[in-house]
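Notes for the one structure printed next.
Numbering of residues begins at 1 and proceeds along the displayed sequence. Reckoned from all heavy atoms, side chains included, excluding hydrogens, waters and symmetry mates.
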Amino acid sequence: QVQLVESGGGLVQSGGSLRLSCAASGGTISRYVMGWFRQAPGKEREFVAAYYWAGAGTDYAAAVKGRFTISREYAKNMLYLQMNSLKPEDTAVYYCAAGSAVSRRQSEYRYWGQGTQVTVSS
């Protein structure tokens, strides 16, 4: 059983940056596909970015490509999401997730964190 805990959310002005962190325990993240998803008020949760197994690289939603960077630190069992040039439409609860398939589909991710709020003011 993998436990995921996100941190790093907060309030930032448009154009600013934040780095989200996801601490994993109960399992080694190198064994999983790791992803970030977000859910804005009144909207369904959506894919943001994923770090696939070696050779499959990373994947980003079109809305964040070029502004967000996903990375992970094996030694600390941590996943990160560096978010630059933030926009008000990036406001959402951001979730870290772990799965076993190269996919953007939420159903392919078995383990989820509780989420961290990101609010971007205009």
Q | Pairs where residues 58-68 contributes a residue and the test side-chain hydrogen bond (donor to acceptor under 3.5 Å, both in side chains) is met, not counting sequence neighbours | A | Tyr52-Asp59, Asp59-Arg104, Arg67-Asp90

(Q) Restricting to non-hydrogen atoms, name the atom on Ala49 and the atom on Leu81 that form the minimum distance, rounded to 0.1 Å. (A) CB-CD1, 4.3 Å

Q: Quick one: sort the Trp112 and Phe37 rings into parallel, tilted or perpendicular, breaks at 30° and 60°.
A: tilted

Q) Please walk me through it: do Glu6 and Tyr94 pass side chain to side chain contact (heavy atoms under 4.5 Å, CB included)? A) CA-CA 8 Å; Glu6 303 95 335; Tyr94 283 72; over 6 Å; no

Q: Measure across Ser14 and Pro88 and return the closest heavy-atom pair with its distance rounded to 0.1 Å.
A: OG-CD, 3.8 Å

Q: Enter the distance from Arg45:CZ to Gln106:CD here, rounded to the nearest 0.5 Å.
A: 4.5 Å

Q: For residues Glu108 and Ser103, report the shortest heavy-atom separation together with the two atoms involved.
A: CG-OG, 3.3 Å

Q) With a 6.0 Å cut-off on ring centres, are Tyr109 and Tyr95 close enough? A) no

Q: Verify side chain to side chain contact (heavy atoms under 4.5 Å, CB included) between Gln117 and Thr91, making sure each step is shown before the conclusion.
A: CA-CA 8 Å; Gln117 177 70 47; Thr91 295; 4.0 Å; yes

Q | Same apolar cluster: Met78 and Leu18, side chain cutoff 4.5 Å | A | no

(Q) I need the Cys96 SG to Trp36 CH2 distance, nearest 0.5 Å. (A) 5.0 Å

(Q) Nearest 0.5 angstrom please: Ser30 OG to Arg72 CZ, how far? (A) 7.0 Å

Q: Treating Ile, Leu, Val, Met, Phe, Trp and Tyr as nodes and any side-chain heavy-atom pair under 4.5 angstrom as an edge, say whether Tyr51 and Tyr111 lie in one connected cluster.
A: yes

Q.
Using the side chain to side chain contact (heavy atoms under 4.5 Å, CB included) criterion, which residues pair with Ala63? Sequence neighbours excluded.
A. Arg38

Q) Roughly how far apart are Ser17 OG and Met83 CE, rounded to 0.5 Å? A) 8.5 Å

Q.
To the closest 0.5 Å, what do you measure between OG (Ser21) and CD (Gln82)?
A. 9.5 Å

Q: Might you point out which heavy atoms bring Ile29 and Asn77 nearest each other, and give the distance in Å?
A: N-OD1, 2.9 Å

Q | ILVMFWY cluster, Val64 and Leu86 together (side-chain gap under 4.5 Å) | A | yes

Q. What are the two closest heavy atoms between Thr116 and Gly8, and how far apart are they?
A. OG1-N, 4.3 Å

**Q.** Common cluster, Ile70/Tyr74, ILVMFWY with side-chain heavy-atom separation under 4.5 Å
**A.** yes

Q) Looking at CE of Met34 and OG of Ser71, how far apart are the two atoms once the value is rounded to the nearest 0.5 Å? A) 11.5 Å

Q: Looking only at non-hydrogen atoms, find the nearest pair between Ala24 and Leu4 and report the distance.
A: CB-CD2, 3.7 Å

